Peer 1: 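Input: one structure, supplied below.
As the structure is a prediction and not an experimental result, all values here were calculated from the model. Proteins come first, then strands; the chains are lettered A, B, ... in the order of their sequence lines, and each starts at number 1.
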2 protein chains.
Amino acid sequence: MYLKNNIRRLLVYRQCLLKLKELGFEVIYSYNLGREASVSPEQVRKDFSKFGIKGKRKAGYEIDHLLEALDIIFKKDKDQNVILVGMGNIGKALSNYKGFAQHKIVICAAFDIDPSKQTKSYKIPVYPVEDISRIVKMYHVKIAIIAVPKPAAQEVCNRLIASGIQGIINFSPTNLKHPKNIFINNIDLANEMESLIYFTLNQ
Amino acid sequence: MYLKNNIRRLLVYRQCLLKLKELGFEVIYSYNLGREASVSPEQVRKDFSKFGIKGKRKAGYEIDHLLEALDIIFKKDKDQNVILVGMGNIGKALSNYKGFAQHKIVICAAFDIDPSKQTKSYKIPVYPVEDISRIVKMYHVKIAIIAVPKPAAQEVCNRLIASGIQGIINFSPTNLKHPKNIFINNIDLANEMESLIYFTLNQ
DNA sequence: TACATTTTGTTACTATTTTCACAATAAATT
DNA sequence: AATTTATTGTGAAAATAGTAACAAAATGTA
């Protein structure tokens with residue numbers, strides 16, 4: 001697993017900090033943030049410490065300072081262009097998802113094999129899959145989302161990698177074969193449900 | 001993190017085994033399955049061993065036997081009813097998602113505050129949020145999906161828990177406050193993208 | 001039947017992650 | 001200014017997870 005937990009926790013802290021800032025807080029203690037993020041205060045301090053983020057003893061952490069530090073870690077100085085392949089159920093939902101904008105994640109183009117979906121009527125222009133390479137190069141895209149049906153996923157993955165994509169988030173419920181310098185984050189919705197069910201029903 | 005990796009890996013093995021079975025395999029070695037699931041063979045054996053699943057030395061594992069064992073672990077003897085709250089972008093996509101059926105996960109009802117969405121015209125009947133408690137009790141539902149906008153998520157969460165829901169998969173990008181006997185699996189799509197971007201761009 | 005080969009199952013080892021404990025220090029109080 | 005209090009930062013300990021090594025067992029072969 002390359003998706004280390006401390007990175008994921010930093011992202012959770014970020015969400016919490018934005019919320020707390022909105023509520024008017026300027027300074028926060030590891031204890032408060034931990035409570036908000038469902039994490040122990042020691043864990044919060046360790047996570048920050050690991051990335052050289054400093055607070056002040058007795059005075060906690062300045063929220064703005066934390067957010068700046070997190071912005072640097074997650075390179076939030078500029079928009080991150082990503083592409084989306086597959087405009088079915090999930091693809092459409094992702095193309096409309098408002099949460100990305102706040103993170104400066106921009107889906108700059110989508111792709112589908114179905115010509116009826118290759119239109120400018122969606123928020124995002126939808127191109128034929130053959131255009132992937134051209135668009136990837138044009139916008140210097142490094143990250144792609146796979147939201148195609150299972151049988152098409154591996155082929156799309158190969159095409160993406162051949163076009164220069166380096167990181168893929170895969171919503172197709174299949175394990176993609178890929179060179180090990182490519183990062184893949186699999187989100188299998190049914191498996192996410194299953195693991196929740198497992199832990200819920202086994203107390 | 002309660003979502004232990006070995007459980008998640010078992011679910012990945014399951015996907016792989018179904019695929020391999022479809023391809024005509026009847027028996028598999030830890031080496032093959034590991035390759036398919038991007039996991040070391042030792043890890044595969046350890047995972048099975050931990051759950052008392054046995055192979056035969058020199059003869060590997062029978063796929064059907066593995067699938068049966070996994071079905072028992074994940075209680076696949078009967079359908080698992082779940083409810084869905086929020087028929088926006090993501091809610092609609094989930095309500096149409098075909099992957100659940102193969103896992104015997106059935107979204108038996110959906111809920112939304114918007115009366116225009118409270119209709120039988122979707123695949124799944126959509127009720128007003130006030131009906132959650134009634135339906136949860138009627139169908140003995142234990143698991144719910146939250147797919148409402150961030151500001152509504154905590155309130156919906158509270159209502160679900162009050163209605164008897166024990167496990168929640170939360171697509172809303174916020175950390176929900178909850179008693180510790182309730183399981184919550186947060187899927188924050190923007191954070192999933194962010195962590196992928198982080199690992200991709202930091203070699 | 002004896003021997004070689006292959007693959008599991010498990011134990012021992014290593015690495016990583018989390019928790020604990022507490023010294024260091026900043027702020028508040030007397 | 002001295003003392004108390006609160007909170008960080010970190011090193012040590014504990015827990016968890018993953019890797020490696022190898023004996024045990026099943027199969028095949030001479």
Peer 1: So which of Lys104(A), Lys76(A), Lys75(A) actually passes salt bridge (Lys or Arg N to Asp or Glu O under 4.0 Å) with Glu194(B)?
Peer 2: Lys76(A)
Peer 1: Atom CG of Asn5(B) and atom P of dT19(D): how far apart are they, to the nearest Å?
Peer 2: 11 Å
Peer 1: Please determine whether the number of non-hydrogen atoms from other residues, nucleotides or ligands lying under 6.0 Å from atom CD of Glu26(A) exceeds 12.
Peer 2: no
Peer 1: Would you list the pairs meeting salt bridge (charged side-chain N to carboxylate O under 4.0 Å, His left out) in which at least one residue belongs to residues 149-162 of chain B, sequence neighbours left out?
Peer 2: none
Peer 1: Send over the distance from Asp47(A) CG to dG9(D) P, rounded to a whole Å.
Peer 2: 13 Å
Peer 1: Kindly state which residues belonging to residues 18-44 of chain A come within less than 4.0 angstrom of DNA chain D, counting heavy atoms of the residue only, listed by number.
Peer 2: Tyr29(A), Ser30(A)
Peer 1: When you match Arg45(A) and Lys50(A) each to their closest nucleotide on DNA chain C, which lands nearer the 5' end?
Peer 2: Lys50(A)
Peer 1: Has the side chain of Lys46(A) got a donor or acceptor atom sitting under 3.5 Å from an opposite partner on the base of dT19(C)?
Peer 2: yes
Peer 1: Using only side-chain N and O atoms of Tyr61(B), determine if any of them is under 4.0 Å from OP1 or OP2 of dA26(D).
Peer 2: no
Peer 1: Counting only side-chain nitrogens and oxygens, does Ser49(B) get under 4.0 Å of the OP1 or OP2 atom of dG9(C)?
Peer 2: no
Peer 1: To the nearest 0.5 Å, what is the distance between NZ on Lys54(B) and CZ on Phe48(B)?
Peer 2: 13.0 Å
Peer 1: Are Lys54(B) and dA26(D) close enough that a side-chain N or O sits under 4.0 Å from OP1 or OP2?
Peer 2: no
Peer 1: Whole-Å distance between dG9(C) C1' and Phe51(B) CZ?
Peer 2: 16 Å
Peer 1: Hey, is the side chain of Asn6(B) poking within less than 4.0 Å of OP1 or OP2 on dG18(D), counting only N and O atoms?
Peer 2: no
Peer 1: Would Gln15(A) and Asp188(B) satisfy side-chain hydrogen bond (donor to acceptor under 3.5 Å, both in side chains), going step by step from the backbone distance to the final call?
Peer 2: CA-CA 10 Å; Gln15(A) 298 277 25; Asp188(B) 183 325; 2.4 Å; yes
Peer 1: Under 3.5 Å between N/O atoms: give me all the protein pairs with nucleotides 25-30 of chain C, atom names plus distance.
Peer 2:
| from | atom 1 | to | atom 2 | distance (Å) |
| --- | --- | --- | --- | --- |
| dA26(C) | O4' | Arg57(A) | O | 3.3 |

